[in-house]
Number of protein chains: 2
Amino acid sequence: MTTKDPQAPRLAGLAGLMADETRAACLLALLDGRAWTAGELARHAGVAASTLSEHLGKLVAGGLLSEERQGRHRYVRLADARVAQLVEDLAAYAGAGPGDVVGRPRGLRAVSAGSAMARGRTCYDHLAGRLGIAVTDALALRGLLRVDTGFALTDAGVEWFGAAGIALRRSGRRPLARACLDWTERRPHLAGVAGAALCEHALDAGWCVRIGSERAVKVTAVGERALHELLGIEEGALR
Amino acid sequence: MTTKDPQAPRLAGLAGLMADETRAACLLALLDGRAWTAGELARHAGVAASTLSEHLGKLVAGGLLSEERQGRHRYVRLADARVAQLVEDLAAYAGAGPGDVVGRPRGLRAVSAGSAMARGRTCYDHLAGRLGIAVTDALALRGLLRVDTGFALTDAGVEWFGAAGIALRRSGRRPLARACLDWTERRPHLAGVAGAALCEHALDAGWCVRIGSERAVKVTAVGERALHELLGIEEGALR
DNA sequence: CGGACACTTCGGCCCCCGCCGAAAGGTCGC
DNA sequence: GCGACCTTTCGGCGGGGGCCGAAGTGTCCG
């Protein structure tokens with residue numbers, strides 16, 4: 001007995017990094033895929049700057065965050081897509097706990113922020129919300145993405161990305177396509193290399209723009225046309 | 001500011017359940033997909049029965065474990081495949097930390113246990129180790145499973161399961177196929193509904209049998225023949 | 001150079017939580 | 001019914017860790 005798994009301390013340590021409400025709030029905020037300063041995170045989390053500094057130290061030491069110092073600022077972001085995926089998965093499970101009704105935001109401000117978020121947002125490096133679902137559905141409908149038997153691009157799907165001028169950089173072991181559970185739509189949307197490439201292209205090409213400094217994004221007129229031409233998504237479906 | 005995400009406490013709470021070494025050891029042990037008694041887990045983790053009882057209370061209350069009381073025994077198991085997936089994902093990330101060499105077990109007993117585990121084992125409800133990889137590769141090679149552009153069964157793959165007499169019960173929102181990172185092989189293997197159905201069939205049909213009370217499994221002579229006939233896996237490749 | 005600003009370090013406080021052993025509650029077998 | 005066994009409850013102990021404010025370091029700007 002006492003054959004205790006040598007992995008237990010590591011698992012506990014990793015979980016411990018997320019097991020604090022303040023650190024959890026940071027990780028969730030950083031799910032927008034961008035870099036935040038320590039001060040922004042402190043205000044966001046509602047703790048003293050000194051407290052947050054210690055939290056960042058732990059998260060960076062634990063490998064969950066990467067940091068970049070610029071002058072008197074300390075910028076941090078999620079270390080990579082794997083971390084984002086872990087946080088997303090845990091948050092999705094924690095949010096959809098048994099007997100728990102999703103989100104239903106309270107108050108007017110929450111409602112409007114919520115509806116903008118629900119319409120379209122980034123989820124680390126890919127699109128989510130109704131926008132993400134619409135794109136995923138359109139890809140599936142046109143036979144470019146299998147969603148019923150797993151999540152994988154078809155050959156036609158790979159071609160489609162090439163034809164649209166969106167490069168799929170197969171990097172290391174990150175999957176080309178994977179499902180990410182959408183917490184507003186309760187359905188999976190496209191993530192992975194393809195999801196990230198599509199999102200990057202959508203922002204670069206002006207298909208959508210970020211709303212303020214939030215995760216929420218808005219589809220532009222250009223984007224509506226492009227999504228209609230390339231994927232047959234009805235114009236006006238995402239307003 | 002202080003727009004703190006309402007999900008932060010839930011995320012922190014969930015992570016907190018796994019943030020203790022003893023509880024982590026329990027969760028890892030339960031990854032074998034079977035039910036353990038409280039006493040077994042206490043011995044495994046090396047703590048007093050009373051201590052472990054409290055841990056089980058938290059894990060059950062948190063929804064990670066389900067329990068079944070039989071007489072003077074309390075059997076617990078992972079609540080469902082989603083929990084198993086979370087634990088697997090976290091353990092995989094924690095185990096493959098930066099600059100960290102995998103496993104390389106110390107001592108003779110660990111070596112033999114390790115090699116049996118590396119040869120073939122269950123990973124909650126599907127096959128893993130070299131056996132799991134061999135099956136995944138064989139499915140991919142025969143065009144039954146896409147692995148290069150994501151993880152999804154092809155139409156031929158769905159047919160193959162039917163022809164082999166393995167029912168694919170599409171249940172709720174669990175994906176038919178998904179990738180699970182193998183920590184001995186460092187490559188993804190087949191999980192999801194299809195992976196579970198295949199594993200269940202393999203055990204029922206005597207293709208493989210469990211070694212002792214471990215997660216490790218051994219391929220039988222019957223299994224070798226079946227895997228050769230159905231998937232073209234070389235006999236002897238898994239000894 | 002001096003002040004504003006972003007962040008970090010330090011000391012101290014307090015609460016939380018994991019641990020144990022002792023005792024109690026159930027269940028099984030004889 | 002009486003032990004043997006598995007599990008749970010309870011008190012008490014000890015350590016770890018999150019919090020703050022104050023002071024210190026480093027950077028930018030005028």
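Chain naming here is simple, since letters A, B, ... match the order of the sequence lines and numbering starts at 1 in each.
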Enumerate all atom pairs, one protein N or O and one N or O from nucleotides 26-30 of chain C, separated by less than 3.5 Å.
none

What integer distance in Å separates E67(B):CD from dT7(D):C1'? 11 Å
Would you call W183(B) and M117(B) a side-chain contact if the rule is heavy atoms closer than 4.5 Å? yes
Classify A49(A) by what it touches in the nucleic acid, base, sugar-phosphate, or nothing, heavy-atom distance under 4.0 Å. base
Output the single nucleotide from dC20(D), dT9(D), dT8(C) whose closest atom is nearest the side chain of S53(B). dT9(D)
In whole angstrom, what separates L59(B)'s CG from dT8(D)'s P? 13 Å
Let me know the distance between CZ of R43(B) and C1' of dC5(D), rounded to the nearest Å. 11 Å
Whole-Å distance between dC6(D) P and E68(B) CD? 19 Å
Y75(A) OH to dT8(C) P, straight-line distance once rounded to whole Å: 14 Å
Does R74(B) make a side-chain N or O approach to OP1 or OP2 of dT8(D) shorter than 4.0 Å? yes
Roughly how bent is the helix from dC1(C)-dG30(D) to dC30(C)-dG1(D) end to end, in steps of 10 degrees, with each end axis from five pairs? 30°
Any Lys/Arg nitrogen of R77(A) or D125(A) sitting under 4.0 Å from an Asp/Glu carboxylate oxygen of the other? no
Please examine the side chains of P188(B) and F151(B), heavy atoms only from C-beta on, and report whether any two atoms are closer than 4.5 Å. yes
What protein N or O atoms touch nucleotides 13-16 of chain C N or O atoms at under 3.5 angstrom, if any, and at what distances?
none

Between the protein and nucleotides 15-18 of chain D, which nitrogen or oxygen pairs come in under 3.5 angstrom?
residue: dG18(D); atom: OP1; partner: R23(A); partner atom: NH1; Å: 3.0
residue: dG18(D); atom: OP1; partner: R23(A); partner atom: NH2; Å: 2.9
residue: dG18(D); atom: OP2; partner: K58(A); partner atom: NZ; Å: 2.2

Atom CZ of R119(B) and atom CG of L131(B): how far apart are they, to the nearest 0.5 Å? 11.0 Å
Expected output: side-chain T51(A) to main-chain V47(A) donor-acceptor under 3.5 Å: no
Closest contact, heavy atoms only, A38(A) versus L52(A): O-CD2, 3.5 Å
Dump the intermediate steps for side chain to side chain donor-acceptor pair (under 3.5 Å) on T184(B) and R121(B), then the final yes or no. CA-CA 11 Å; T184(B) 50; R121(B) 65 179 181 278; 3.1 Å; yes
Could you list the donor-acceptor pairs under 3.5 angstrom formed by side chains in residues 189-210 of chain B, with sequence neighbours left out?
residue: H189(B); atom: ND1; partner: D182(B); partner atom: OD2; Å: 3.0
residue: H189(B); atom: NE2; partner: H126(B); partner atom: NE2; Å: 3.2
residue: E200(B); atom: OE1; partner: R169(B); partner atom: NH2; Å: 3.4
residue: R210(B); atom: NH1; partner: T122(B); partner atom: OG1; Å: 3.2

How long is the line joining CD of E21(B) and C1' of dG18(C), in whole Å? 12 Å
Side-chain donor-acceptor contacts of residues 54-67 of chain B below 3.5 Å, not counting sequence neighbours, with atom names and distances?
residue: H55(B); atom: ND1; partner: R23(B); partner atom: NH1; Å: 3.1
residue: E67(B); atom: OE1; partner: R69(B); partner atom: NH1; Å: 3.4
residue: E67(B); atom: OE1; partner: R74(B); partner atom: NE; Å: 2.6
residue: E67(B); atom: OE1; partner: R74(B); partner atom: NH2; Å: 2.9
residue: E67(B); atom: OE2; partner: R69(B); partner atom: NH1; Å: 3.3

Can you confirm whether D80(A) sits close enough to V83(A) that some side-chain heavy atom of one is under 4.5 Å from a side-chain heavy atom of the other? yes
Under 4.5 Å between any side-chain heavy atoms of V87(B) and L11(A), yes or no? yes
Is any side-chain heavy atom of R215(A) closer than 4.5 Å to one of C123(A)? yes
Using a 4.5 Å cut-off on heavy atoms from C-beta on, say whether the side chain of T22(B) contacts that of L41(B). no
How close or far is atom P of dG18(C) from atom CE of M18(B), stated in whole angstroms? 14 Å
Could you pick out which residue, L52(A) or T37(B), lies toward the 5' side of DNA chain D when each is mapped onto its nearest nucleotide? T37(B)
dG26(D) P sits how many Å from R69(A) CZ, rounded? 12 Å
Under the criterion salt bridge (Lys or Arg N to Asp or Glu O under 4.0 Å), I'd like the reasoning laid out for R178(A) against E88(A): C-alpha separation, chi angles, the key distance, then a yes or no. CA-CA 13 Å; R178(A) 61 164 265 264; E88(A) 277 166 21; 3.6 Å; yes
